[in-house]
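Residue numbering restarts at 1 for every chain, and letters A, B, ... go by the order of the sequence lines.
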Number of protein chains: 2
Amino acid sequence: MTARKPADAAAGTQSGGREIPEATVARLPEYLRALTSLAEQGISVCSSEELAGAVNVNSAKLRKDLSYLGSYGTRGVGYDVDYLRYQIAREIGLTQDWPVAIVGIGNLGHALANYSGFGTRGFRVAALLDAAPERCEESVAGIPVRSFDDLDAVLAETPVAIGVIATPAEAAQGVADRLVAAGITSILNFAPTNLAVPAGVSVRKVDLSVELQILAYHEQRRAGAEELRGTAIAAAGEEQSA
Amino acid sequence: MTARKPADAAAGTQSGGREIPEATVARLPEYLRALTSLAEQGISVCSSEELAGAVNVNSAKLRKDLSYLGSYGTRGVGYDVDYLRYQIAREIGLTQDWPVAIVGIGNLGHALANYSGFGTRGFRVAALLDAAPERCEESVAGIPVRSFDDLDAVLAETPVAIGVIATPAEAAQGVADRLVAAGITSILNFAPTNLAVPAGVSVRKVDLSVELQILAYHEQRRAGAEELRGTAIAAAGEEQSA
DNA sequence: TAGATTGTTAATCGATTAACAATC
DNA sequence: TAGATTGTTAATCGATTAACAATC
């Protein structure tokens, strides 16, 4: 290992030190879910093979992923489910509660506000905002719908860590700009737009239509391949050379 | 290039031939969207640099992605927006309409059924299904909600290419099994479960809570780094050796 | 012809995975 | 001690990107 800079040394065993690859970060929540499920089944110890099976990944990949967090397993035995669960939750930051604001209380925003899985682990809907709150119900899931114009006032009352954009595509960039200006550095975007944000702001995008298009591509491909198998058989007689 | 097998030769210029990397497939819908936006602005030709800028990717990556489809640009000039748009749409399979069935008409299923972006390009909500349709509104977005028990009857009336699962997590695997048994080979899963499906069935997953957890990880990391900058400065005096 | 931009090559980077030494 | 399983190394694979020859 090369010489550490003071910042790295200070990071030590607590969170914040090692760089965890993005691909690994994206899988940690899956491991967490699987561990929770195991714990609910009363299973207290599991091997990398078992856990990997539950998440449908290669067990070597799982062990490598976990190795970025530290050495939380026992050779010859496996992982203590509760302990590993806590370590992953700590690494992701789920030992605290993250307040979320949803912007755009249309069909989707409504569904998101009512989504129970939200509170389940580490997240809490802290505010609902809409450009035209008078067109919405007054409150959804017990949370009042406020005007997006009052963003700063709302954030002064209730701190918010993550902004969820559930507006039409046209409004999304403007909303993002205002969220960023208000100091929010994490955005989950459901609108089909590529948001431009300054460095230091994280954006994740969920895009229904992209997912459907990817499925359509593979579906078409399968249909095409089926057709071709027929053609290939028919052509086999005429075409001799490979 | 090595000798082609008959199936490859038959594929020729029509869809179905070349293997397109997954990472590229996932970006094609983004390019398509950007091209549509350019077309709406009345722009008829664009360079890889311009298109890449609109999608926020490296222009070399864009050109490499497009090269998997064929040679649809003109050196020294750029790409014809409408022509490239058509070629990508054809490659993805959006020159036809894909009928979609939504299973689980709760808050989310409701929002999905009403989602206008659905029809916009290549997709059409063909059926709505719920385990307890009597608890739902009779129809949503003009489409009747049918009992999931009648799956086979519904599919006999209306062909469906893609199944969307918007049920609670506990029900998702059972629904997937029945969809697969009914011959559906593409599934978009909104339930927080890893579905087990036979080979030859495509599953994509959209998981709100995973996305939030990834954001939380980075958010926490930023907060930690900020704290550490303070610590590092404080420690700088004591710590002399690197 | 001179300028512009594609399509492709080759270098680089990051992610996956098999294999195994370390160790419970 | 013998068996099991982790944590890590090193090989492999796929994706990204800079650079440039081909060519409009």
What nucleotide, of [options], holds the atom closest to the side chain of [X]?
{"X": "B:Ser67", "options": "C:dA15, C:dG7, C:dA10", "value": "C:dG7"}
{"X": "B:Lys64", "options": "D:dT16, D:dA18, D:dT8", "value": "D:dT16"}
{"X": "B:Arg63", "options": "C:dG7, D:dA15, D:dT6", "value": "C:dG7"}
{"X": "B:Ala60", "options": "D:dG7, D:dT5, D:dA19", "value": "D:dA19"}
{"X": "B:Thr74", "options": "D:dC24, D:dT16, D:dT8", "value": "D:dC24"}
{"X": "B:Glu22", "options": "D:dG7, D:dT5, D:dA15", "value": "D:dA15"}
{"X": "A:Ala23", "options": "C:dA15, C:dA10, C:dG7", "value": "C:dA15"}

Any-strand Watson-Crick or G-U partner of D:dT17, both distances under 3.5 Å
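Answer to the pairing question: C:dA10, which forms a Watson-Crick or G-U pair with D:dT17.
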
Mind checking who C:dG3 pairs with, Watson-Crick or G-U wobble, both distances under 3.5 Å?
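Pair assignment: C:dG3 / D:dC24.
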
Between the main-chain N or O of B:Gly93 and the side-chain N or O of B:Trp98, is there a donor-acceptor pair closer than 3.5 Å?
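Here the side-chain-to-backbone pair exists.
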
If we ignore hydrogens and angles and just use 3.5 Å, is the side chain of B:Gln220 paired with the main-chain N or O of B:Tyr217 as donor and acceptor?
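No, because the side chain of B:Gln220 does not come within donor-acceptor range (under 3.5 Å) of the backbone of B:Tyr217.
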
Is B:Tyr79 close enough to D:dC24 that one of its side-chain N or O atoms is under 4.0 Å from OP1 or OP2 there?
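Result: no.
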
Answer yes when A:Arg221 and B:Glu19 have at least one side-chain N-carboxylate O distance shorter than 4.0 Å, and no when they do not.
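Looking at B:Glu19 together with A:Arg221, the answer is yes, because their closest N to O distance falls below 4.0 Å.
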
Could you state the atom-to-atom distance from [atom1] of [X] to [atom2] of [N] in whole Å?
{"X": "A:Leu66", "N": "D:dT8", "atom1": "CG", "atom2": "P", "answer": "11 Å"}
{"X": "A:Leu84", "N": "D:dT5", "atom1": "CG", "atom2": "C1'", "answer": "14 Å"}
{"X": "B:Asn58", "N": "C:dG14", "atom1": "CG", "atom2": "C1'", "answer": "16 Å"}
{"X": "A:Tyr68", "N": "D:dT8", "atom1": "OH", "atom2": "P", "answer": "11 Å"}
{"X": "B:Leu62", "N": "C:dT8", "atom1": "CG", "atom2": "P", "answer": "14 Å"}
{"X": "B:Arg27", "N": "D:dG14", "atom1": "CZ", "atom2": "C1'", "answer": "12 Å"}
{"X": "A:Glu50", "N": "D:dT6", "atom1": "CD", "atom2": "P", "answer": "9 Å"}
{"X": "A:Asp80", "N": "D:dT6", "atom1": "CG", "atom2": "P", "answer": "13 Å"}

Shortest non-hydrogen contact from A:Ala26 to B:Val210?
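Closest approach of A:Ala26 to B:Val210, heavy atoms only: O-CG1, 4.1 Å.
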
Decide salt bridge (charged side-chain N to carboxylate O under 4.0 Å, His left out) for B:Glu22 and B:Arg27; before the verdict, give the C-alpha distance in whole Å, the side-chain angles of both, and the deciding distance to 0.1 Å.
CA-CA 9 Å; B:Glu22 265 310 299; B:Arg27 280 187 296 266; over 6 Å; no

A:Arg75 (side chain) and D:dT6 (base): donor-acceptor pair under 3.5 Å
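Yes.
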
